[in-house]
Structure formats: structure tokens, C-alpha cells
Amino acid sequence: MSVPHKPARSLLGWEAAVIVLVALALLIGSFLHDAFLTAANLSNLSSNLVEIALIALTMTLVVIAAEIDLSVASIVGMCSALLGVLWAAHVPMPLAILVTLALGSLAGFLNGWLVTRLGLPSLAVTIGTLALYRGLAYALLGDRAVADFPPFWTNLGFGLVPGTQIPIPIVAFVILAAITAVVLHATPFGRSLYAIGANEVAARFAGLRVERTKLVLFILSGLMSAFAAVIYTFRFSSARADNANGLELAVVAGVLLGGVSIFGGRGSVIGVIAAVFLIGIIQNALTLADVPNEILTIVTGLLLIVSVLGPNLAARVKAARQRRSQLIPPKGGAA
Amino acid sequence: QTGIPKGITVAFLPKQVNNPYFATAWKGGQAAIKEFAGVGKQVGPSDAGASSQVSYINTLLAQRQKAIVVSASDQNALVPYLKRAMGQGVKVVTYDSDVAKDGRNVFVSQASADTIARDEVKLLAKQIGNKGEIAILSATPNATNQNAWIKVMQEELKKPQYKEMKLVKIAYGNDDDQKSFTEMQGLMQAYPNLRGVISPTTVGISAAARYLSSSPYKGKVALTGLGTPNQMREFVKNGTVSGFALWNPEDLGYLASYAAAALVSGQITGKEGDKFSAGKLGQRTVGKDGVIILGPLTVFDKSNIDKFNF
Amino acid sequence: MTEPTPILALRHASKSFGPVKALLDVSLELFGGEAHALLGENGAGKSTLVKILAGVHRADGGELLVGGRPRTFHNTAEARDAGIAIIYQEPTLFPDLTVAENVLMGRQPLKGGGRIDRRAMLARVGEILRELGVVLDPARPVRGLSIADQQIVEIAKALSFQARVLIMDEPTAALTGQETERLFRVVRTLRARGAAVLFITHRLEEAFAECQRLTIMRDGRWVNSGPSEEYTIDSVVHGMVGRDVQELYPKLAVTPGEVALAVQGLTRRGVFRNVSFQVRRGEIVGLAGLVGAGRSEVARSIFGIDPLDGGTVCVQGRAIRSGDTLAAMNAGIGLVPEDRRQQGLVMDMSIERNATLAVLNRLRQGPLMNRTAEYQTASDWTSKLRLKAHRLTDPVSTLSGGNQQKVVLAKWLATGPTVLIVDEPTRGVDVGAKAEVHRTIAELAAEGLAVLMISSDLPEVLGMADRILVMREGELVGELARRDASEEAVMYLATGQRNAAAIGGAA
Amino acid sequence: MTQFSSTGAAGSASPTLLTRLFQAREASLLLILLALVAVTTAINSRFLSAQSLRDLALNVAIVALVVVGQTLVLLMKHVDLSVSSVLGLTAFLTGSLFVANPGMPIGVAFLAGLGMGAVLGAINGLLVAYGKVPALVATLGTLYVFRGVDYAVVHGGQITASNLPAAFSGFASGSILGVPNLVLLVLAVMTGFGIYLRSYRSGREYYAVGSNVEAANLAGINVNRRVLTGFVLSGAIAGLAGVLYLARFGTVDAAAGNGLELQVIAAAVVGGVAITGGVGTIAGAGIGALLLGVIGSALVALRAPAFWQQAIQGALLLLAISIDIIIARRAARAMQERSHR
Ligand SMILES: Nc1ncnc2c1ncn2[C@@H]1O[C@H](COP(=O)(O)OP(=O)(O)OP(=O)(O)O)[C@@H](O)[C@H]1O
Ligand SMILES: Nc1ncnc2c1ncn2[C@@H]1O[C@H](COP(=O)(O)OP(=O)(O)OP(=O)(O)O)[C@@H](O)[C@H]1O
Ligand SMILES: [Mg+2]
Ligand SMILES: [Mg+2]
């Protein structure tokens with residue numbers, strides 16, 4: 001059987017490609033509209049992406065371990081609703097945030113428990129909890145919206161680092177992204193995720209705690225979603241049950257575009273970050289150029305497809321060319 | 001003759017660009033912009049989420065539009081961003097669905113919440129003889145307008161003349177045709193004694209009417225609410241629905257455009273009592289809290305429905 | 001006998017995978033009524049050759065003749081339709097489908113309206129299995145079958161249509177004597193009907209016993225071919241390895257030390273019962289038995305992969321928690337599992353990453369990985385085992401079967417275990433490498449490692465073990481000291497029948 | 001080796017055990033379903049009225065139809081997320097055909113829906129089979145693309161019942177012996193594919209491909225063609241569902257079918273179709289769709305508070321798949337222990 005011959009380098013190639021595409025998008029964007037390459041616009045653009053980017057970090061880990069968490073957006077909604085309820089009940093904000101983060105972790109724990117204990121496929125489990133958590137958001141907050149958050153806190157979601165155009169949440173994102181990258185690429189834990197994702201049985205036979213690792217990943221995913229919920233709530237100064245509806249697809253799209261294999265075992269943080277921003281930049285540039293919304297939707301879909309199709313076709317062309325060149329003189333003996 | 005300079009840029013930002021209701025409103029808005037020789041466009045998300053509207057506000061700001069005419073998906077979420085826009089000299093008009101009042105210059109309201117809610121209750125009460133169980137089939141649970149109207153309806157129902165009417169359920173069709181359809185069907189199952197339904201949303205009422213018209217409850221359960229004549233014509237004629245109401249969404253957009261132009265040209269500032277001329281709609285006055293009211297609802301029934309086409 | 005035209009011939013075939021030249025100018029001729037053995041070290045290119053004959057790979061150069069006429073197979077269906085039946089090295093079955101459907105996939109018997117005739121299908125496969133002398137329910141799903149049973153399904157598949165050429169890539173690696181003997185009986189029948197057989201094995205005795213002709217390969221090149229009478233085991237080995245191999249079973253004499261592994265009353269419902277034994281430091285204890293006796297299951301439970309229903313496992317006197325692999329590893333147990341593709345390796349990961357997978361937590365500096373140590377560990381052990389690989393950063397999937405096995409061994413030796421359980425350690429490993437694996441195990445034992453060796457290769461168990469435990473149907477039925485052990489004695493215990501010894505082992 | 005080999009159990013005992021096991025998966029679902037119906041009816045007798053059964057069947061019909069196509073794809077270890085967009089787009093385009101040619105016979109509408117769906121499905125199939133794009137990625141991409149095209153075509157417009165010819169509306173509201181036409185059509189499609197998957201060589205190939213692609217290749221199955229066919233069928237069925245959607249609801253706007261893909265996958269999974277490929281039946285998937293539909297209606301009929309409905313639905317969904325896997329696990333374990341005596 002022919003083995004899919006995809007050494008690690010071709011992945012690096014894809015990441016480099018995404019980064020080049022980001023640069024290209026910035027360049028083209030600046031031609032499309034002169035307001036594009038302004039600090040204010042870039043600041044808005046990135047602040048609009050922050051929740052997606054945050055959740056994409058943990059989603060990267062989850063997908064590399066060959067699982068998926070589709071319930072993230074619902075966790076955001078549920079946690080946002082809880083934050084609103086707590087605030088409306090006069091719970092002090094720091095405590096309310098802590099409880100919210102705890103609820104997110106709990107939601108992640110339930111996902112992880114169902115996946116690891118009962119051995120259910122995560123796609124099925126998180127489709128179920130997608131409904132459950134969104135439902136709980138409505139159960140918590142119903143048709144109400146809580147909006148009277150104190151300016152100190154909303155400024156954390158909305159404001160800029162004094163003297164700059166950098167949105168405050170982006171600072172949090174940069175820190176968390178760095179931590180995630182180090183954990184994934186340079187620690188035994190990160191290493192083990194690749195093995196678990198590529199062959200769970202072999203990972204278990206190598207003494208890796210597959211179940212526990214996955215449980216941790218789902219908890220992290222829930223926790224990160226809760227953190228994103230806090231930022232979301234403050235950024236819009238609005239706690240509603242339908243917050244972040246449908247966000248999961250944007251997150252998954254970013255992760256896949258970033259070169260993470262949906263089958264697990266392959267991917268990197270930097271690629272995902274580049275991809276999330278690539279989507280954001282393209283959408284922003286096209287919106288500025290008054291390209292209608294439906295085209296944006298199409299472009300997002302095409303990007304996703306091309307991100308995998310492109311390298312596949314390139315590899316095939318390369319292989320064909322190699323075969324042709326080999327027909328001429330075989331060099332050297334056996335390797 | 002209007003005193004509006006040429007070339008004013010006006011951007012419409014509806015909740016959803018693909019919604020037929022907003023498409024109609026934009027038709028009116030566009031017509032007005034043409035009349036005062038402005039430059040108009042409509043942009044917006046395909047899904048009704050507050051966060052997607054925010055990114056549009058930001059790009060409109062970056063594009064230096066003179067006025068933004070927005071129907072808000074969330075009463076609060078847009079406020080900080082709209083404030084920033086106003087801080088940079090952009091005039092903000094809300095239409096159809098308002099935001100907190102410091103987030104805009106004026107709100108062009110289809111009708112006051114009180115009028116809408118009262119008229120709806122009155123319409124239904126007449127159809128069921130002020131008696132029996134009723135339900136409301138709303139849009140999304142967070143729809144600002146609908147929630148405001150429902151609140152007034154609940155107050156209204158406490159009045160003595162409605163004491164024999166009992167609101168048993170508020171259902172949500174999420175402004176999704178299929179969901180509204182099945183919600184309506186669920187209502188009939190869960191509440192056998194239901195006499196009437198109010199659906200204050202154009203998507204909800206047409207789906208509900210469609211369900212009723214093909215069910216044994218046709219003509220037995222009254223249905224009213226807010227709908228467009230084109231959607232409802234068939235059901236009025238076949239006796240499923242005897243009457244419903246709406247304003248003219250085209251006029252709503254038209255008025256919003258003129259309000260935006262009046263703000264930009266400095267004719268009004270949004271103060272109570274400011275007056276401006278709104279083309280074919282004549283002279284209009286800004287009311288309390290910067291609200292400009294389009295006018296009373298039109299009630300549609302067998303006798304007049306064929307006179308309308310929207 | 002005049003030389004007839006070969007049924008199948010490969011002339012001057014070459015094949016490269018990127019930089020790896022798997023085959024270089026290899027020729028082979030298969031004649032009707034003859035069995036032909038293809039011999040060579042791991043990675044010599046045998047499986048690659050098979051896959052070219054099967055239509056899986058297309059050769060870069062050379063030609064393929066079927067019945068004297070040139071052919072090109074674009075896919076496996078074409079090869080099959082040309083009458084070539086293949087048993088691949090690794091079982092390729094549909095775990096969710098029944099045994100019968102696996103055997104007849106795409107060729108299910110039909111009844112009216114083109115619908116599948118289930119009853120006929122079960123009957124036909126039942127018959128083939130009976131012919132093979134195997135009790136295997138054709139209606140059960142393949143999932144859950146042991147490797148050996150899977151191999152039998154593969155064999156049944158190959159026999160299920162009237163093949164003119166039967167190609168078998170190490171079909172016996174997972175089988176014990178009896179099953180092997182039954183397979184050979186079927187092969188002889190086929191030969192008598194005029195079919196040609198190509199047989200790949202690392203058990204040279206089998207090649208000499210069953211094959212009329214041999215072809216030897218080394219490093220992707222053809223070395224020589226000829227009637228088997230013209231060869232001796234030594235000349236074959238020399239041809240394969242290019243040098244003389246030292247002793248195949250280099251067992252070193254050791255005096256056993258303290259008890260390293262002690263298991264008491266191990267029970268797993270429905271699988272094995274009340275298994276108790278000890279392994280001392282320096283000792284190599286063989287665990288023999290027929291396929292399906294439950295040896296691998298015992299090993300898995302000791303290592304904590306499967307939970308126990310009863311009994312205790314102690315390493316150096318300390319009990320370890322049941323069902324906890326990490327605890328078993330920390331206590332010093334290592335397990336080289338029997339199924340290297342599923343259990344032993346992460347096929348898409350590099351050789352280096354695989355070799356260090358079990359020691360990740362040791363290879364770090366503070367919380368971060370130490371890349372130098374990582375590379376060092378991997379290259380140490382792989383070079384010690386003489387791994388044949390292009391680069392350590394290549395995916396394991398590009399290695400030949402035997403070299404893959406070496407990577408699994410390297411992974412476990414890197415943990416520096418006190419107790420090493422090896423399950424079929426040399427399955428599919430060539431003689432040269434086998435000797436190396438044996439030497440490594442013997443040396444480690446001499447240094448104080450306790451080894452539990454599960455093997456279906458009786459000569460290997462006899463040659464390497466200090467003591468031999470025998471299992472039958474999930475129970476430990478006897479123990480033999482090295483000096484008392486013989487093939488007959490082991491087979492007697494394993495089968496409970498005296499005459500069974502006659503067909504024990506292929507040697 | 002004889003009696004020591006593998007199962008060891010007497011050859012005749014296992015098949016009955018096995019068939020029982022397979023039946024058990026569907027039987028357990030049916031049992032849950034019946035219990036739910038019984039409880040709901042006990043509390044609200046209207047739940048079993050002819051009208052509400054009709055409504056229920058009609059509601060489930062469209063999801064159940066799309067599930068058939070999804071099952072084909074899931075069996076091969078792929079997934080088709082784009083079905084909702086395919087449905088929305090074909091529903092609108094078919095409606096537009098009626099607007100453009102008011103006299104169009106309804107047979108043509110069905111053919112057009114099938115055809116458009118097949119073309120869209122072929123795009124997915126080509127991407128997955130020949131472009132080697134993982135199905136989740138490819139169909140998530142086309143989910144966006146097809147919906148985007150839908151938005152662009154619809155552009156704030158809408159098809160309403162008044163645009164549709166009387167014959168079409170008549171077919172939609174008609175019934176035979178009290179069973180709505182739409183439901184009959186869906187049942188026919190399900191039965192056809194059920195038999196096809198069970199008893200035809202090419203039907204079995206779906207299982208083979210999902211169970212082990214390599215083995216399927218070696219068995220001479222043209223995997224690429226099978227995968228392409230599966231996606232084409234899934235698309236065509238979603239297209240047909242689009243036509244039925246148009247017939248059933250009369251109104252189609254740009255949002256038609258939005259989010260349906262998760263419902264469909266949930267139904268298949270609840271019905272015992274494994275996301276990991278190779279396992280499942282059309283009957284099971286159909287029962288899964290029915291179960292989800294019944295849960296939805298039962299909650300309404302039981303007057304569950306509106307804001308709790310979705311949460312309860314999610315919880316029940318989780319419960320259903322959990323119970324299913326636990327039963328399956330028990331059965332497998334029982335079989336293993338039995339085979340070892
Ligand atoms: N798909 C592939 N991609 C890259 N290299 C491959 C591939 N298949 C085989 N090789 C390489 O080709 C060479 C020959 O491998 P092959 O599997 O034919 O050996 P073999 O003789 O069957 O060995 P063994 O006895 O271990 O099974 C090896 O070096 C192997 O690494
Ligand atoms: N993954 C599995 N799932 C279920 N049953 C299995 C599995 N693997 C093996 N078995 C069954 O367990 C029994 C014991 O098999 P085991 O592999 O332990 O035997 P063994 O003595 O190690 O033989 P082998 O030489 O094949 O390794 C066999 O009857 C087999 O069918
Ligand atoms: Mg080989
Ligand atoms: Mg074994």
C-alpha cells in the first residue's frame with residue numbers, strides 16, 4: 001500500500017504559505033482601500049477576531065489529539081449568560097468571573113468525560129452539548145439581556161492599551177498564544193498529543209495517559225471558551241443567551257486552514273494563528289471594498305478548500321515531475 | 001429646495017441583508033437617497049448576530065461615511081461602537097430596532113411600542129370575542145422589538161376588558177420559517193383550548209398562517225400580528241386570517257434616509273421638536289428621546305389587502 | 001521435464017520511493033506446479049515486489065509477463081482477474097464485516113435481481129474454512145479476531161477463487177505449526193492442480209521443505225535463483241546477508257538473581273484464569289502455547305493495558321495497580337506488543353519520535369523537551385539494533401516490516417526496563433536481524449534484565465529461554481526447564497495430546 | 001489447532017447471537033421511542049391524534065430523507081456537512097424555476113432538484129475522492145460556498161406559496177390513505193436504499209470502504225468512484241429534500257435549511273451509524289431521525305418551558321447515544337465471554 005508520504009517539512013511549507021498569504025492580503029488590502037492599513041482599522045480588525053483566535057488555540061490542541069469540540073460557541077453563550085446573571089444578582093465581578101471560568105471548565109469536563117469514559121466520538125458528544133449548553137444559556141437568561149456592566153470591566157474588552165492602538169484583549173491573546181505554542185511544541189505533554197492523535201492505541205501502549213490527556217484538553221477548551229465569553233461579554237457590554245452563536249464553525253475553519261489535520265497528529269499553533277488572521281484580514285479588506293457579504297461567505301469556504309487542495313495538488317505535481325526526472329539517469333546505489 | 005447638499009454618503013446596516021423585510025425597507029431608503037442626490041449603500045451580515053454588525057460599523061467608520069442607518073440586533077452591544085462613530089462626526093440613525101438612546105442621534109420608529117402592542121391585542125380580542133386562551137409566537141428570544149411589544153401586551157392584557165383572555169404561552173420561532181411553522185404546530189398540540197395567536201413578526205405570522213390553512217384548526221383559531229400583504233394575501237382570502245397589521249417598511253427606510261440627511265446637513269440635531277421635511281412623507285418632527293414616528297399601523301383585511309403590494 | 005513458459009514473470013523490474021531504491025533490476029519467474037521461495041533480509045524489497053505483481057504499485061522500469069504476454073496492472077482488480085491471488089504481509093481486512101463477506105467481497109454469490117445470496121455466501125466460506133481445518137464462524141465480524149485468525153481469513157480469501165498464481169507474503173509469521181502445516185497442505189493441492197506459488201518467509205526451514213526453487217534478494221537487488229536442492233541454509237543466509245551470520249540463538253549462561261516479576265492468580269473473565277509465575281533478574285522465561293491460548297492477553301494485563309478481574313502483579317516485591325500502564329512502566333515493565341502497526345508504532349511519526357515516545361518525560365530540561373537528548377537516545381538505540389533507515393526523521397511507515405520491529409524494540413530498550421515482555425519479538429524479522437535481536441535480549445538479560453518472551457516460533461523459545469511456561473486455553477498448564485524442553489514436550493502441554501508433537505513446529 | 005482457534009464456540013450458536021445483537025441496537029431505540037410516546041400520550045392525549053401524527057411524520061420526513069444520503073457518506077467514514085446548504089440552494093432554485101416557468105410540470109421540479117443536488121454533491125465528491133481533501137474540511141468549505149451562492153442568488157428575495165403552481169402545492173398537501181405524499185416518497189427512498197445497502201454488491205462496498213480503505217483497494221473496489229458516487233447521492237438526496245422543503249413550507253428564503261446538517265448527523269448517530277465508518281443501517285438512521293423528531297414534539301406537547309426545551313433536547317440526545325453505546329458494549333462483552341466459555 002502506498003504510504004502517504006508527507007514529511008514534517010511539507011507542513012512547515014504550508015505554514016509559511018499561510019504567513020505569506022497574510023502578507024499578501026495586507027498588501028492587496030492596502031490597495032483596495034486607503035483606510036485599510038491604518039492603525040485604527042487593524043486594531044478593530046484584530047479585536048473582532050479575538051474570541052475566535054483564543055478558542056482556536058485550544059481547538060488546535062484538541063484537533064491534533066484527533067478529537068473535536070463543536071460545543072465551544074455554546075459554552076461561550078452559556079458562560080456569558082451566567083456572567084450576566086451573576087452580575088445582575090450583584091455578585092462582585094472578580095468572583096463572577098471566577099465562577100464563569102469554573103462553569104466553562106465544568107462544561108469541558110462533561111465533554112471530556114463523555115468522550116473518555118463512555119468512549120463516545122467527540123463529534124457526536126459535542127453536537128449534543130452544543131444543543132445542551134446553548135439551551136442552558138437560554139434557561140439561565142431567557143430573553144433577558146444584561147448590559148449594565150461597569151465601565152472598568154467593559155473597557156477591558158473594548159479599550160486599547162493606553163497610548164497605543166492595541167486592543168487590551170489582544171495582549172491576553174498574545175500571552176496565551178505564546179504559552180500554547182510552547183506547551184504544544186516543546187513539552188512532553190505537547191509531544192504526546194501528536195502521538196495520541198496519530199495512533200491512540202500505540203500511544204496507550206507507550207504508557208501515555210490517553211484518557212487523562214484528552215480530558216485535560218476538553219477542560220482547557222471549556223476554560224478557554226469561558227475566558228472568551230468574559231471578553232465577549234465585556235467587549236459588547238452585553239450578556240445574552242445567543243452570544244457567539246455559530247462561532248464554532250469559524251474556529252474550526254481557522255484551525256483547519258492553519259494546517260492542522262482533521263485526523264489528528266499534525267499541525268502547529270503558528271499556522272492556526274496566521275490562518276485566523278488571514279480570514280479576518282480578507283474579510284475586513286473585502287468589506288472595506290464594499291464586496292457584498294455573500295461573496296465573503298464564498299471566499300471563506302474556498303479558502304478552506306484550497307488550503308488542503310492546494311498542497312495536495314502541488315505534491316502530486318511534484319511527485320509526477322520527480323518520476324519523470326528519475327527515468328533519466330538513476331544516481332548512486334541504494335540509500 | 002430641501003437644503004440637503006448633494007453627495008451625502010448614507011450606509012444602511014440592517015440586522016440581516018438577506019431578510020425580505022429589510023430588502024423592502026432598503027428600497028425605500030434608496031429611493032429617498034436618490035431624491036436628495038446622496039450616495040447610498042446597504043451592507044450587513046447574513047446572520048442576525050450583534051458581533052457581526054460591529055465589524056460593519058467599524059468598516060463604515062473607516063470608510064468615513066457621513067451617516068449610518070442601523071437596525072440593531074442588540075440594544076446594548078453596538079452602543080460603544082456607535083458612540084465612537086458619533087464622536088468622529090458620523091450621524092447615527094436607528095430604524096426598526098433601536099439601541100440605548102445615547103448610542104444614536106435619532107430613532108425612526110415604525111410606530112410606538114404602545115400603539116403596536118395595543119393594536120395587536122385589540123385586533124385579536126375582536127376576532128375571538130375577548131375570551132379564551134391565547135399565545136404569542138415571537139421571533140428570537142432576544143429580539144429587542146418583539147420583547148418590548150410583548151411586555152406592553154402583557155400589561156395591556158391586565159385591563160378589565162381583557163380579563164377573560166389568558167396568555168398561556170410565548171413561543172419562539174427564531175424568525176426561521178421552518179421553526180416558526182413547527183412551533184405553531186406544537187402550540188396547537190400542547191394547548192387544545194387555544195383560541196388565538198399573535199405573531200408580531202413577519203416570518204412568524206406567515207409560517208403560522210401556512211400551518212393553520214392546511215390544518216383542521218383553520219378558521220377556528222384566530223391569528224393576527226405583523227405581516228406583509230404579499231405574504232398574507234392568500235391566507236386572508238382563504239379565511240385563515242381575518243386581519244393583521246403593519247406599517248409600510250418602504251416608508252420606514254425612506255423616512256430613515258431623510259432623517260439621516262437632515263442630521264448630516266444640520267437641519268436637525270435630534271432634539272425634541274426639531275423639524276425636517278421628508279420628501280413625499282412631508283414635514284416630520286422629532287419627538288421625545290429623539291424618536292421620529294412613522295405613523296399609525298395599517299390594518300389589512302379582505303377589504304383593502306389588494307390595494308397594497310409589498 | 002522441459003522448461004515450460006513461466007505463468008508469471010517479472011523482468012528487470014525497478015521501483016523507487018522517493019530517494020529509496022526498493023527494487024533494482026530484479027527478475028523472477030514462476031512456473032506452474034512449483035512453489036518458489038523469495039528470501040531476503042528485512043527491507044530487501046520482497047513485499048515491494050509482491051505489490052508490483054499485485055497491481056498495488058507500478059514498477060518504474062522493467063516488464064511483467066503473464067503467460068508469456070506483457071501486461072501492466074493498473075489496479076489490484078486487474079491482477080486478480082488475471083488469476084493472481086495474494087496474501088499480503090499485513091492482514092488487510094474489513095473489521096466491521098463478517099468473515100464471509102471479507103473473503104468474498106466483490107464476488108458475493110448472487111440470487112435473483114442481482115441481490116446477494118447470504119446463505120450461499122456463508123456456505124461457501126464455511127466450506128473453505130473447513131478445508132483449511134479451521135473452526136471459525138463465517139458469520140461473525142472480523143473485529144476481535146486475533147492476528148492469527150485474521151491471517152487465516154486472508155488465506156481463505158486467497159484460496160476462494162481458482163488462482164493460477166498464489167503469492168504469500170509471510171503468511172506463516174503469525175501461525176503455529178499446525179496451522180502452517182494445514183496451509184502447506186492446501187498449497188500442495190493447488191500446486192498439484194498446476195498453480196504457481198510464490199512464498200515469502202523468514203523461516204528458512206519452511207522454504208526448504210516446501211519450495212522447489214529459491215530466489216534470494218539483497219538491498220533491492222536480485223542475488224541468485226535456482227532449485228532449492230542447490231542451496232544449504234548457510235549458503236542462503238550468506239546470500240541474504242552478504243556475510244556469515246553468527247549463532248542464531250546466542251543464549252548466554254546466567255545465574256538468575258532476585259525475583260523481578262511475580263504474578264499471582266491473574267484472571268480476566270473469559271480470557272485467562274489463575275495464571276501465576278515468576279521471572280527472575282537475568283532470566284529469560286518463554287511463554288509458549290498455541291495461537292489464541294491467551295498469552296498476549298496475559299502480557300497486556302500485566303502491562304496494565306487491560307484491567308484484571310483478579311490477581312496481583314508485583315515488580316521487585318511491590319504490587320502495581322491493575323489497569324494502569326504508566327504505573328507498570330514506572331515499576332520497570334516494558335512491553336513489545338505483537339501488533340506493531342496498531343500497537344507498537346505511530347506510523348506517521350518519525351523514527352526518532354517513535355523511539356523516544358515511551359521516555360518523553362525523561363528527555364527534558366525543566367518543563368521543556370531536550371532535543372539533543374532526544375536525538376541522542378533515538379540514534380543510540382537504533383544504531384545498536386542496526387536499523388536500516390534513510391534518516392531518523394523519516395516516517396516509520398517507510399520502513400520495511402522488520403526494521404519497524406526494531407524501532408519498537410528500540411523504544412522499549414530506551415526505557416531501561418527491569419522486566420521486558422516481548423510478544424513475538426521477531427515476527428517478520430530476517431535471520432540476520434533476528435540474531436541481533438536475540439543477542440541484544442541475551443545481553444540485556446545477562447546484565448540483569450528479566451525477560452518474558454512470548455513466541456510462536458518454537459525453536460526461538462527453545463533456543464533462548466531458561467524456562468518455558470506453556471499455556472492452553474487461558475490456563476498455565478506446565479513449566480519446563482531449559483534442559484527438559486523439547487518441541488514434543490512443549491506441544492504435548494500446549495495441545496494436551498501426545499501425537500500433536502509430530503506436527504509441532506515447522507522445522 | 002481445531003477447537004483452540006478463535007471463537008471456539010460452536011459454529012451455529014453465534015449467528016443467532018449476532019443477529020440478535022444487531023437487532024438489539026435498533027430495538028433499544030424503538031423501545032426508547034415507544035416509552036417516550038407512551039408517556040407523552042398519557043399526559044397529553046392529543047399527541048397521538050391523527051393530525052399531530054401527520055404533522056410529526058411530515059416534520060421528520062425531510063430530515064429522515066437527508067439522513068439517507070448522510071448515512072451513505074458516514075458509512076464510508078466521511079461526512080457531508082454541506083447538505084443544509086445544498087437543500088437551501090436547490091429549494092430556492094427550484095422555486096425560481098416555477099417563478100420563471102409557471103406551467104412547469106412538477107416532475108420536472110423533482111428532476112431539477114435531484115440534478116442540482118447531484119451536481120453540488122459531485123463537487124464534494126471530487127474534492128474528497130480525487131482532491132484528497134478530508135470530507136469534514138471539504139464539506140465545511142462547500143457549506144460556506146453553497147450558502148454564499150444561495151445568499152447571492154436570493155439576495156433578500158423569497159419564494160412564497162403564491163409563486164408555486166397549484167399542482168405542486170396539491171402534491172405537497174395530498175395524501176394516500178391518510179399518509180401524506182411526502183412521507184410516502186421518503187419511505188420509498190429509505191426502503192430502496194435500505195435494500196440496496198444490505199443486499200447489493202455495490203451497496204456492501206460502502207461498508208467495505210468505511211471499514212478499511214486499504215483493504216477495499218486491495219479487494220479491487222474502485223474506492224474513488226465509490227466515494228464520488230456516495231457524495232453525488234448525498235447531494236442528490238439533499239436536492240430532493242430541497243424540493244420537498246419547498247413543497248412542504250411553501251416559503252423559501254436565503255436561510256432555508258440553515259443548521260440542518262447538525263440535526264441530520266445527530267439523527268444518524270443516534271440511529272447507530274458510526275461516525276468512524278463501516279457500521280449502521282438506513283432503518284437505524286431513520287429511527288434516529290424519528291426519535292429526535294418525537295423528542296422535539298413531545299417537549300412542546302408536554303408544555304416544557306420554552307427556555308428549557310433546547311437544553312432538554314440536548315440532554316436527551318446525549319442520553320440516547322450514551323445508552324446506545326453502553327448496550328452495544330455490554331453485548332460485545334457478553335459475546336466475548338461466551339465465546340471463551
Ligand atoms: N511506500 C513506501 N514508501 C517509501 N519507502 C518504502 C515504501 N514501501 C517500502 N519502502 C522501502 O522499500 C524497501 C523495501 O521494503 P519491503 O517492504 O519491500 O521489504 P521486505 O523485503 O518486504 O522486508 P520485510 O522482510 O521486513 O517485510 C525498504 O527500504 C522500505 O523502507
Ligand atoms: N483485540 C481483541 N479483541 C477481542 N478478542 C481478542 C482480541 N485479540 C485476541 N482476542 C482473542 O483472545 C484470545 C486470546 O488471544 P491472544 O492473542 O492472547 O492469544 P496468544 O496466545 O497470545 O496468541 P497469539 O499467538 O495470536 O499472540 C483469542 O481467542 C483471540 O481470538
Ligand atoms: Mg515485507
Ligand atoms: Mg499473541
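Below, chain A is the first sequence line, B the second, and so on; all start at residue 1. This structure is a prediction, so every number in the text was calculated from the model and none was measured.
Of the atoms belonging to Ile68(A), it is side-chain heavy atoms, and not backbone ones, that fall under 4.5 Å from chain D. At a 4.5 Å heavy-atom cutoff, Leu81(D) makes no contact with chain A through either its backbone or its side chain. Contact of Leu114(A) with chain D is made through the side chain alone, with heavy-atom distances under 4.5 Å. Both the backbone and the side chain of Ile321(D) come within less than 4.5 Å of a heavy atom of chain A. For Tyr133(A), no part lies under 4.5 angstrom from a heavy atom of chain D. For Leu302(A), the parts sitting under 4.5 Å from any heavy atom of chain D are the backbone and the side chain alike.
By number of non-hydrogen pairs under 4.5 angstrom with chain D, the leading residue of Asp143(A), Thr300(A), Leu140(A), Leu130(A) is Asp143(A). Top candidate by heavy-atom pairs under 4.5 Å with chain D, chosen from Ser261(A), Ser307(A), Ala253(A), Ala139(A), is Ala139(A). Looking only at heavy-atom pairs under 4.5 Å with chain D, the residue among Leu309(A), Val252(A), Asn293(A) that has the most is Leu309(A). The greatest number of non-hydrogen atom pairs below 4.5 Å with chain A, out of Gly148(D), Gly314(D), Ala254(D), is found for Gly148(D).
With a 6.0 Å radius and a threshold of 12 heavy atoms from other residues, nucleotides or ligands, Arg316(A) has its CZ atom above the threshold.
For the side-chain contact (heavy atoms from CB on, under 4.5 Å) criterion with Ile305(A), the lone passing option out of Ile123(D), Asn124(D), Thr142(D) is Thr142(D). Of the options Ile295(A), Thr297(A), Ile298(A), a side-chain contact (heavy atoms from CB on, under 4.5 Å) to Val149(D) is made by Ile298(A) and by none of the others.
Residues Phe307(D) and Leu141(A) fail the side-chain proximity criterion, which asks for heavy atoms closer than 4.5 Å. The shortest side-chain heavy-atom distance between Leu136(A) and Trp308(D) falls under the 4.5 Å cut-off.
Contact between Leu318(D) and Gly128(A) at its shortest, heavy atoms only, is CD2-CA, 4.0 Å. Residues Tyr144(D) and Ala250(A) share a closest heavy-atom pair of OH-N, 3.6 Å. In terms of heavy-atom proximity, Gln310(D) sits nearest to Gly135(A) at CB-CA, 3.7 Å.
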Walk me through whether Leu143(D) and Leu249(A) qualify under side chain to side chain contact (heavy atoms under 4.5 Å, CB included).
CA-CA 10 Å; Leu143(D) 168 87; Leu249(A) 288 190; 3.5 Å; yes
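Of residues 129-140 of chain D, those residues with a non-hydrogen atom less than 4.5 Å from any non-hydrogen atom of chain A are, in numerical order, Tyr130(D), Gly131(D), Lys132(D), Val133(D), Pro134(D), Leu136(D), Val137(D), Ala138(D), Leu140(D).
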In a table with atom names and distances, give each donor-acceptor pair under 3.5 Å that connects a side chain of residues 257-273 of chain D to protein atoms at least two apart or in another chain.
unit_1    : atom_1 : unit_2   : atom_2 : d
Glu261(D) : OE1    : Ser84(D) : OG     : 2.5

